[in-house]
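Quick caveat: nothing in here was measured; it's all calculated off a predicted structure. Residue indices begin at 1 and follow the sequence shown.
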Amino acid sequence: MEALLLLIPLSVLLVFVALWIFFRASDDGQFDDLVGPGLRVLQDDDRPHQAAPEDQSSVRNSNSSGNNTTSSILRK
């Protein structure tokens, strides 16, 4: 019987803590998109990755130098 004096307030406190965690997660947007992350796992990722911006600039430089070479060859 003395155990109930400890367990009842402890269980009530545990329920309030669980409700506080639930409402805090709800306010932070934890449950806003429940479908999106599950669908992203199923999507195929077969497309090649796009080059990083640094790689694109080096490609442009090589193309521009290639055009200069081509144009210099055409001038001769």
Side-chain angles (χ1 to χ4, degrees):
M1 197 66 175
E2 291 117 13
L4 290 178
L5 294 175
L6 176 67
L7 291 178
I8 289 174
L10 192 62
S11 64
V12 170
L13 179 69
L14 193 64
V15 166
F16 280 116
V17 168
L19 286 174
W20 178 75
I21 290 172
F22 172 75
F23 284 113
R24 184 171 176 193
S26 178
D27 288 343
D28 288 342
Q30 185 76 30
F31 306 111
D32 286 348
D33 186 18
L34 296 177
V35 178
L39 292 177
R40 269 185 247 133
V41 171
L42 299 175
Q43 292 176 344
D44 289 335
D45 196 17
D46 293 339
R47 288 178 270 156
H49 295 285
Q50 294 181 350
E54 297 171 357
D55 295 338
Q56 291 176 352
S57 64
S58 65
V59 170
R60 281 188 212 135
N61 291 338
S62 66
N63 284 342
S64 64
S65 65
N67 289 340
N68 290 340
T69 307
T70 306
S71 62
S72 65
I73 291 173
L74 291 175
R75 287 181 194 158
K76 290 181 182 178

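- A continuous path of ILVMFWY side-chain contacts below 4.5 Å connects Phe31 to Phe23, so both sit in one hydrophobic cluster.
- Atoms OG and CD1, from Ser26 and Ile21 in turn, are 13.5 Å apart once rounded to the nearest 0.5 Å.
- Rounding to the nearest 0.5 Å places CG of Asp27 at 9.5 Å from CZ of Phe22.
- Linking Ile, Leu, Val, Met, Phe, Trp and Tyr whenever their side-chain heavy atoms come within less than 4.5 Å leaves Met1 and Leu6 in two separate clusters.
- Interatomic distance, Leu10 CG to Leu5 CG, rounded to the nearest 0.5 Å: 12.5 Å.
- Closest non-hydrogen pair, Asp33 versus Gly36, comes out as OD1-N, 3.0 Å.
- Enclosure of atom CZ in Phe16 is not indicated, since only 12 or fewer non-hydrogen atoms of other residues, nucleotides or ligands lie within 6.0 angstrom.
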